[in-house]
Amino acid sequence: MAGLKDLQPCPLCRGSACEIVGTRDRDGSALQTTMCVACGHVFTNPPPTQDEMAAYYRDRYRSDYKGVRTPKPKHVLRAGFRALERLERLQAFVPPQARVLDIGAGGGEFVYLLGRAGYEAVGVEPNVGYADHARVAYGIDMCPGTLESARFDAASFDVITLHHVLEHVIDPHGALTRIAAWLKPGGHLIVEVPNVMSWFHAPRRRFHRAHVQTFHAKGLEDLLAGHGFELIDTAITEGPTHINVVACKTGVATQRGFRDCSADVRAHFHRHTEVSHVTSGMALRRVWGNVTRPWREARQLAALGATGPRAILDGLFDAR
C-alpha cells in the first residue's frame, strides 16, 4: 500500500490535503482511496499511470467487468434499455441530424440507436473486442482507443456523451479540455457518473479499482463550469442514483472554484454503514433484483423473438 508520501493532489481542485477513506476495492484487493479535505472529491490515490490504464481497458476491462470479450444477448439487452433511456434524455435537448460522439461506447448499442433515431453518430471504445463487435454487428463508425488517444477536428460535433467514462479518467481537466475543443460553440455535453452519495452499493463495495474518480454532483458541476460549460440540467437517476448532467458549451469559463462538499461526503460515509445499508432495505432489493434478472431477461428476449445483436436493438427501438 502506498504511504502518505506517495499521495497525489486532488485532481479537481489541486488541493494537497486529503484523508484516507478506503483501503480496499469491492473485491477485497488493496486500493487506497482518499478524499480531498478542501473540496470533498474522492479519488484513487496514488492513481495508476496512463499507460497502465490504456493497457487495462484495451485488453482486460470488459472481460473483468462482464466476464466476456464480446457481449452476449443479455448484455445487448441491458445496454439497449440503457441506450434508449440515454436517447430520450438527448432528444429532449438536441434534435435529429446532429453529429454525436459517444466516448466509451462499449458494444456500440447507443451509437447504433442514435443512427436509428436520425443522428449522425461516432463511437470511441478502448476495448478491442467490444469495438470490433460494434463494427461487425452494427456496421457503425467505431474508433478504437481512449479519450486521450482519440483525434478529431476542432468544433466537429454537436453533442458529446460520456456515459460512465469520466470516473475512469486520471486527468478530468485534460479530458474536458479535449472535449470542449471537439464541440461546436453551443454544442451539448451529456455526462453520467456514479454518485459518491449513493446508497446503491454496500460500503464494502463502494470503491472499484477501475473508478479512479468518485464524484459529488457539485464537484462535477464545478468542473464543467470551469471549462466553459453552462449547466442546463442535473438529474439523479432512479435506482443506482447516478449523477447525469447536461451542459452547453459557451467557451467562457466560470471562475467560481470548487465548492467544499467534504462535510457532506464525510457525513455520508459515517451514516452509510454495513448495518444501515441492510436496514435500509437496499441490500434485499439488490439480492431480489439479481435473483430475478435472468428470468426477466429471458422473457424479454423471448418476447422480442430475437437473438442477434442488431435484431435485439431493432426490437427494443420499434417497441418504444
Side-chain angles (χ1 to χ4, degrees), residues 1-50 52-53 56 162 164-176 191-227 231 234 236-237 240-245 254-277 280 282:
M1 182 184 298
L4 289 175
K5 64 182 177 62
D6 300 309
L7 297 182
Q8 301 297 306
C10 173
L12 291 197
C13 77
R14 311 301 191 192
S16 58
C18 59
E19 57 189 62
I20 295 175
V21 295
T23 58
R24 299 282 172 182
D25 71 4
R26 64 181 58 175
D27 296 322
S29 301
L31 181 74
Q32 184 164 272
T33 304
T34 61
M35 182 189 74
C36 174
V37 173
C39 75
H41 182 61
V42 174
F43 56 103
T44 301
N45 200 352
T49 67
Q50 192 63 61
E52 289 171 338
M53 291 287 279
Y56 176 69
L162 295 94
H164 292 266
V165 172
L166 202 57
E167 67 268 26
H168 300 269
V169 172
I170 295 173
D171 179 13
H173 286 285
L176 266 295
V191 181
E192 184 170 304
V193 294
N195 184 357
V196 72
M197 305 296 284
S198 176
W199 282 63
F200 189 67
H201 292 290
R204 70 180 181 279
R205 296 181 59 79
R206 181 177 286 141
F207 303 120
H208 190 301
R209 64 182 178 276
H211 294 180
V212 293
Q213 317 291 344
T214 309
F215 289 92
H216 188 286
K218 291 180 181 178
L220 179 58
E221 290 173 344
D222 293 343
L223 174 66
L224 296 177
H227 283 271
L231 303 172
T234 298
I236 303 299
T237 68
T241 62
H242 298 315
I243 306 163
N244 186 290
V245 176
T254 302
Q255 302 297 328
R256 70 185 186 193
F258 286 87
R259 290 166 285 182
D260 182 8
C261 304
S262 59
D264 287 346
V265 175
R266 196 178 290 113
H268 170 70
F269 288 162
H270 180 73
R271 289 191 304 267
H272 188 206
T273 64
E274 294 293 336
V275 173
S276 65
H277 184 78
S280 73
M282 180 59 73

Exercise for the section: Hey, could you give me the NE2/NE2 distance between His201 and His272, rounded to the nearest 0.5 Å? Expected result: 10.0 Å

Practice task
Grab the two heavy atoms, one from Cys18 and one from Leu7, that are nearest each other, plus how far apart they are.
Solution key: SG-CD1, 3.7 Å

Fill in the blank from the handout: For Gly22 and Phe207 the tightest heavy-atom approach is CA-CE1, 4.0 Å

Handout entry: Glu192 (side chain) donor-acceptor with Leu162 (main chain) under 3.5 angstrom
Key = no

Problem - Thr214 side chain reached by Glu167 side chain, heavy atoms, under 4.5 Å - result: no

Practice task
Measure the shortest side-chain to side-chain distance between Phe43 and Cys36 over non-hydrogen atoms and say whether it is less than 4.5 angstrom.
Solution key: yes

Practice task
Could you verify whether a donor N or O on one side chain and an acceptor N or O on the other, from Glu19 and Thr34, lie under 3.5 Å apart?
Solution key: no

Practice task
State, yes or no, whether a side-chain contact exists between His164 and Pro194 at a heavy-atom distance under 4.5 Å.
Solution key: yes

Completion exercise
So CG of Leu176 and NE2 of His227: to nearest 0.5 Å the spacing works out to 5.0 Å

Problem - Thr234/Glu221 under side-chain hydrogen bond (donor to acceptor under 3.5 Å, both in side chains): CA gap, chis, key distance, verdict - result: CA-CA 8 Å; Thr234 298; Glu221 290 173 344; 2.7 Å; yes

Exercise for the section: Rounded to the nearest 0.5 Å, what's the gap from CG on Leu220 to NZ on Lys218? Could you check? Expected result: 13.5 Å

Problem - Pairwise distance CZ(Arg271) to OG(Ser280) - rounded to 0.5 angstrom - result: 12.5 Å

Problem - Residues, nucleotides or ligands: over 12 heavy atoms within 6.0 Å of Arg14 CZ - result: yes

Exercise for the section: State whether the side chain of Asn45 and the backbone N or O of Gln8 hold a donor-acceptor pair below 3.5 Å, judged by distance alone. Expected result: yes

Practice task
List the steps, then state whether side-chain contact (heavy atoms from CB on, under 4.5 Å) holds for Asp222 with Arg259.
Solution key: CA-CA 7 Å; Asp222 293 343; Arg259 290 166 285 182; 3.0 Å; yes

Practice task
Check whether any side-chain heavy atom of Leu12 sits under 4.5 Å from a side-chain heavy atom of Phe215, and report yes or no.
Solution key: yes

Practice task
Answer yes or no: is there an ion pair linking Asp27 with Arg209, defined by an N-O contact shorter than 4.0 Å?
Solution key: yes

Exercise for the section: Step through it carefully: locate the ring centre of His211, locate the ring centre of His168, and say whether they are under 6.0 Å apart. Expected result: yes

Problem - Distance (rounded to the nearest 0.5 Å) between His242 NE2 and Ile236 CD1 - result: 10.5 Å

Handout entry: Pairwise side-chain contact, Ile170 with Pro11, heavy-atom cut-off 4.5 Å (strictly under)
Key = no

Practice task
Could you walk me through whether Phe200 and Met282 pass the side-chain contact (heavy atoms from CB on, under 4.5 Å) test, one step at a time?
Solution key: CA-CA 7 Å; Phe200 189 67; Met282 180 59 73; 4.1 Å; yes

Practice task
Taking the side chain as every heavy atom from C-beta outward, state whether Arg206 and Phe269 have any pair of such atoms under 4.5 Å apart.
Solution key: yes

Problem - Leu31 and Thr33: CA distance, side-chain angles, deciding distance, side-chain contact (heavy atoms from CB on, under 4.5 Å) verdict - result: CA-CA 6 Å; Leu31 181 74; Thr33 304; 4.1 Å; yes

Handout entry: Backbone of Pro47 reached by a side-chain donor or acceptor of Thr44 within 3.5 Å
Key = no

Handout entry: Heavy-atom check, side chain of Leu223 versus side chain of Leu166, under 4.5 Å
Key = yes

Exercise for the section: Could you tell me whether a side-chain N or O of Gln213 sits under 3.5 Å from a main-chain N or O of Val169, the two making a donor and an acceptor? Expected result: yes

Handout entry: Shortest non-hydrogen contact between Thr273 and Ser276, atoms and distance
Key = N-OG, 2.8 Å

Handout entry: Asn195 side chain vs Thr241 backbone, donor-acceptor pair below 3.5 Å
Key = yes

Exercise for the section: Return the orientation label for the His268 and Trp199 ring planes: parallel under 30°, perpendicular over 60°, tilted otherwise. Expected result: perpendicular

Fill in the blank from the handout: So NE2 of His216 and CG of Asp264: to nearest 0.5 Å the spacing works out to 5.0 Å

Practice task
Measure the shortest side-chain to side-chain distance between Met35 and Ser262 over non-hydrogen atoms and say whether it is less than 4.5 angstrom.
Solution key: yes

Exercise for the section: Determine the minimum heavy-atom distance between Pro48 and Val212, stating which atoms define it. Expected result: CD-CG1, 3.8 Å

